[in-house]
Number of protein chains: 2
Amino acid sequence: MTRANEAWESLMRAYAVLTKQFNAEDVWGELTMREYDVLYQLSKCDGPLRMSELNRHVLLSQPALSRMVDRLVERGLVRRCPDPGDRRGVRLSLTPAGRDTQRAIGRPHARSVARALSVLTPEELDQLAAITGKLSQNEEQ
Amino acid sequence: MTRANEAWESLMRAYAVLTKQFNAEDVWGELTMREYDVLYQLSKCDGPLRMSELNRHVLLSQPALSRMVDRLVERGLVRRCPDPGDRRGVRLSLTPAGRDTQRAIGRPHARSVARALSVLTPEELDQLAAITGKLSQNEEQ
DNA sequence: TCGTGATTAATGCGTTTGCATCTACCCTAA
DNA sequence: TTAGGGTAGATGCAAACGCATTAATCACGA
């Protein structure tokens, strides 16, 4: 077993353990964690986001994301507008209600995250962010 | 945004990007990535594994895991035996065919992993493993 | 011994997912 | 201008998922 494989396994394990822990917390209200993730990704970019761009950051297949956006639009949390420059495309953005919901859930969730990662030193947090950032950068081989 | 939150987001992003990348590789044959994960977890422990223990390491709800094991048993890859010490429990282990399948898929997948993580130095790999290991250790708050 | 609460895994059921496919649109080159 | 290949996102459908609940067993104290 190489070092790379051990590192990946350890990363997966941390992701699984922490995700389960966060999911068990009682902060999600009317959303699932996956739905929150979509709202969060949209909240980060001020401008509207393309479906395909959003799909790159979310762990869902393209059809699953398409339908999840359907539901979020129906619930009044997300807006789906045609892209003026590309009539195939779609521009997604949060509605005010969507932004409120994201914030209301994001606050306590951020506290959970901070608590779970409080076992790390500030240096380790920086190292973790730097290393994982490097990993997601070279998206294509 | 605290350092902890940035680190967690970066970790999530790396997990999403790499998972999608691995999933797109043509190495999974008759298994899904989630099914492979179950076989892999079983392959790591030589002794039989309890359902609840396995569920701790896999990103699936308890009922979903129960039914996935059903399918894997039906396909002859996993054995489900009663636990002699606790008649509520179940002991899971790989069949020879399950072990073969895990190895056949694990080899090329391990190469994909090594390639994807080759952007990191050996020191970074060690740091990543150490830090994520620390994260999954304090499983309970 | 018995009863109460906790734990383990399975099942009913409505919802969500992924795969394959489809439609609509973009883009380049002949 | 138009044909052909590529890309964006939606849809049909079977499979898989999560939530809530159940059945069976354990464990401990009265």
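The sequence lines fix the lettering, A, B, ..., with proteins before strands; numbering per chain opens at 1.
- If you take CZ of Arg56(B) and P of dT7(C), they are 11 Å apart, rounded to a whole angstrom.
- The distance from atom CZ of Arg80(A) to atom C1' of dA10(D) is 8 Å, rounded to the nearest whole Å.
- Each of Arg34(A) and Arg88(A) has a nearest nucleotide on DNA chain C; the 5'-most of these lies closest to Arg34(A).
- Under the 30°/60° scheme for interplanar angles, the aromatic rings of Trp8(B) and Tyr15(A) are found to lie parallel.
- Going from atom CG of Asp70(A) over to atom P of dG12(D) covers 11 Å, rounded to whole Å.
- Shortest non-hydrogen contact noted between Leu59(B) and Arg34(B) is O-NH2, 4.2 Å.
- The side chain of Arg50(A) places no N or O atom within less than 4.0 Å of a non-bridging phosphate oxygen (OP1 or OP2) of dT7(D).
- A distance-only check finds a donor-acceptor pair linking the side chain of Lys20(B) to the backbone of Leu60(A) [under 3.5 Å].
- Comparing Gly89(A) and Ala64(A) by the nucleotide of DNA chain D that holds the closest heavy atom to each, the one mapping nearer the 5' end is Gly89(A).
- When distances run from any side-chain atom of Pro63(B) to the nucleotides dA10(D), dC19(D), dC17(D), the shortest one goes to dC19(D).
- With rounding to whole Å, Glu35(B) atom CD is found 14 Å from dG18(C) atom P.
- The residue among Leu60(B) and Met51(A) whose nearest nucleotide of DNA chain D is located toward the 5' end is Met51(A).
- Closest approach to the Met68(B) side chain among dC17(D), dA10(D), dT17(C) is made by dC17(D) (side chain taken as heavy atoms from C-beta onward).
- Arg67(B) comes within contact range of at least one nucleobase, with a heavy-atom separation under 4.0 Å.
- If you check the side chains of Glu9(B) and Asn5(B), you find no donor sitting under 3.5 Å from an acceptor.
- We find that CD of Glu30(B) is positioned 18 Å from C1' of dG18(C), with the value rounded to whole Å.
- For the OP1/OP2 pair of dA9(C) and a distance below 4.0 Å, the side-chain nitrogens and oxygens of Ser66(B) include no atom meeting the criterion.
- In terms of position on DNA chain C, the residue among Asn23(B) and Arg87(A) whose nearest nucleotide sits closer to the 5' end is Asn23(B).
- When heavy atoms are screened at a 4.0 angstrom cut-off, Ser61(B) is found touching base atoms of the nucleic acid.
- Between dA10(D), dC25(C), dG18(C), one nucleotide has an atom nearer to the side chain of Asp86(A) than all others, and that is dC25(C).
- Contact check, Arg91(A) against dA8(D): no side-chain N or O comes under 4.0 Å of OP1 or OP2.
- Qualifying side chain to side chain donor-acceptor pair (under 3.5 Å) partners for Arg71(A), counting only residues two or more places apart in sequence or in other chains: none.
- In this structure, CZ of Arg71(B) is placed 13 Å from P of dA10(C), rounded to the nearest angstrom.
- As a whole-Å value, the separation of Gln62(B) CD from dT8(C) P is 10 Å.
- What separates CG of Leu92(A) from P of dG9(D) is a distance of 8 Å, to the nearest Å.
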